[in-house]
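Report on the following structure.
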Amino acid sequence: MLKAVIFDMDGTLVDSLSGWEFIWTEFGKTYLNDENFRPSKEADKTVRTMVLDDAMEYIHKTCAIGNSGKELTIKANELLIIFYKEKAKLKKGASELLKYLEEKGVKMCIASASATDLIELALESCGIKKYFSKVFSCREIGKGKDCPDIYLTALEYLGTSLESTWVFED
């Protein structure tokens, strides 16, 4: 029997794929005078599961843009605040699913690679913050989603068994 759900945010609840496109366009304009800049498909895919600091260091090294990964992280954070506040939209059916799960008494939390402040901003701007008892970020856990730590931490917080807890991840 389902007792709890751990949701990813980006790409699962919030349609944030365009957020990366927004970042790449702005990076291109800012650093390369080319609004059509896109990293390789492999680099783009790699950074989407990384903590932002690591992702921006990776982009700095592989794409040779900016003076440092730290500089790119600062710029990316500025852009993500704009994106989550003004552009992010819920995925189709997400609101209905959350309402249904709440009505059934299912516990819900978030496990995301995004920073906690950005997650909170997205949940608030999309009107779904009330459904989640806790937000977990890879940044706070100290490991990316390529390791199970964030999910195990969320599971422990929820206090439910592995068999009664589902994970929604893209």
Side-chain angles (χ1 to χ4, degrees), residues 4-30 38-39 43-59 69-104 106-155 157-158 165-170:
V5 174
I6 302 167
F7 280 98
D8 173 42
M9 185 187 69
D10 293 299
T12 302
L13 292 171
V14 175
D15 188 0
S16 57
L17 293 178
S18 59
W20 285 103
E21 295 304 314
F22 180 62
I23 290 172
W24 302 145
T25 299
E26 294 303 314
F27 276 11
K29 287 181 199 175
T30 302
R38 298 295 180 272
D44 182 66
K45 183 178 178 183
T46 298
V47 299
R48 290 174 188 250
T49 61
M50 298 173 87
V51 174
L52 191 61
D53 293 339
D54 295 341
M56 293 301 103
E57 187 63 38
Y58 178 82
I59 290 298
K70 185 165 181 72
E71 176 187 343
L72 295 182
T73 298
I74 292 167
K75 182 69 173 170
N77 270 317
E78 292 169 3
L79 295 170
L80 287 169
I81 289 169
I82 294 167
F83 175 78
Y84 284 122
K85 195 173 188 179
E86 300 173 10
K87 301 177 184 294
K89 304 289 182 226
L90 274 181
K91 296 281 277 191
K92 184 177 180 178
S95 182
E96 294 82 0
L97 175 61
L98 294 171
K99 184 177 179 183
Y100 174 81
L101 292 171
E102 179 188 49
E103 288 170 355
K104 297 296 181 189
V106 175
K107 298 178 187 180
M108 294 178 273
C109 69
I110 297 284
S112 175
S114 295
T116 304
D117 59 334
L118 296 174
I119 298 166
E120 297 281 353
L121 186 59
L123 297 177
E124 188 71 37
S125 69
C126 290
I128 59 171
K129 185 176 180 175
K130 67 180 183 176
Y131 294 110
F132 303 101
S133 59
K134 182 98 170 129
V135 168
F136 296 93
S137 170
C138 289
R139 183 176 286 180
E140 294 165 353
I141 302 297
K143 294 183 181 176
K145 285 187 166 182
D146 55 332
C147 297
D149 299 57
I150 192 166
Y151 303 107
L152 296 173
T153 301
L155 180 66
Y157 164 79
L158 291 167
T165 307
W166 292 4
V167 174
F168 286 84
E169 176 71 61
D170 63 337

Side-chain contact, heavy-atom cut-off 4.5 Å: D10 with S112? yes

Under 3.5 Å, which donor-acceptor pairs link side chains of residues 118-129 to any protein atom two or more places apart or in another chain?
{"residue": "E120", "atom": "OE1", "partner": "K129", "partner atom": "NZ", "Å": "3.1"}
{"residue": "S125", "atom": "OG", "partner": "Y84", "partner atom": "O", "Å": "2.7"}
{"residue": "S125", "atom": "OG", "partner": "L121", "partner atom": "O", "Å": "3.2"}
{"residue": "S125", "atom": "OG", "partner": "A122", "partner atom": "O", "Å": "3.3"}

Using the side-chain hydrogen bond (donor to acceptor under 3.5 Å, both in side chains) criterion, which residues pair with E57? Sequence neighbours excluded. none

Between E103 and K99, is there a side-chain heavy-atom distance shorter than 4.5 Å? yes

Supply the atom-to-atom distance N77 CG to M56 CE, rounded to the nearest 0.5 angstrom. 9.0 Å

Where do F83 and S18 come nearest, in terms of heavy atoms and distance? CE1-OG, 3.4 Å

Separation between CZ (F27) and CG (L72), nearest 0.5 Å, reads 4.5 Å

Smallest separation among heavy atoms of I6 and L155, with atom names: CD1-N, 3.9 Å

Find out whether I59 and W24 are in side-chain contact, i.e. whether some heavy atom of one side chain is under 4.5 Å from a heavy atom of the other. yes

Find the distance between CD1 (I110) and NZ (K134) and round it off to the nearest 0.5 Å. 12.5 Å

Which donor-acceptor pairs under 3.5 Å do side chains of residues 136-154 form with protein atoms, sequence neighbours excluded?
{"residue": "S137", "atom": "OG", "partner": "S114", "partner atom": "O", "Å": "2.7"}
{"residue": "S137", "atom": "OG", "partner": "R139", "partner atom": "N", "Å": "3.2"}
{"residue": "E140", "atom": "OE2", "partner": "T116", "partner atom": "OG1", "Å": "2.6"}
{"residue": "K143", "atom": "NZ", "partner": "D149", "partner atom": "OD2", "Å": "3.4"}
{"residue": "K145", "atom": "NZ", "partner": "D8", "partner atom": "OD1", "Å": "2.6"}
{"residue": "K145", "atom": "NZ", "partner": "A111", "partner atom": "O", "Å": "3.2"}
{"residue": "K145", "atom": "NZ", "partner": "E169", "partner atom": "OE1", "Å": "2.9"}
{"residue": "K145", "atom": "NZ", "partner": "E169", "partner atom": "OE2", "Å": "3.4"}
{"residue": "Y151", "atom": "OH", "partner": "E169", "partner atom": "OE1", "Å": "2.5"}
{"residue": "T153", "atom": "OG1", "partner": "D149", "partner atom": "O", "Å": "2.8"}

Between A4 and L158, what is the shortest heavy-atom contact and its length? CB-CD1, 3.8 Å

Got a second to check how far I82's CD1 is from K87's NZ, nearest 0.5 Å? 8.0 Å

Do the non-hydrogen side-chain atoms of F7 and L101 ever get within less than 4.5 Å of each other? yes

Would you call E26 and K29 a salt bridge, using N to O less than 4.0 angstrom? yes

Under the side-chain contact (heavy atoms from CB on, under 4.5 Å) criterion, do L13 and Y131 qualify, and how do the steps go? CA-CA 12 Å; L13 292 171; Y131 294 110; over 6 Å; no

Considering all heavy atoms of both residues, which atom of S16 and which atom of G11 are nearest to each other, and what is their separation? OG-N, 3.3 Å

Is there side-chain contact between E21 and R38, with heavy atoms separated by less than 4.5 Å? yes

Rounded to the nearest 0.5 Å, how far does CG of L52 lie from OG1 of T73? 5.0 Å

Which value, rounded to the nearest 0.5 Å, describes the distance between K130 atom NZ and M108 atom CE? 10.0 Å

Taking all atoms of both residues into account, what is the closest heavy-atom pair of S133 and Y157, and its distance? OG-OH, 3.1 Å

Can you confirm whether W166 sits close enough to V106 that some side-chain heavy atom of one is under 4.5 Å from a side-chain heavy atom of the other? no

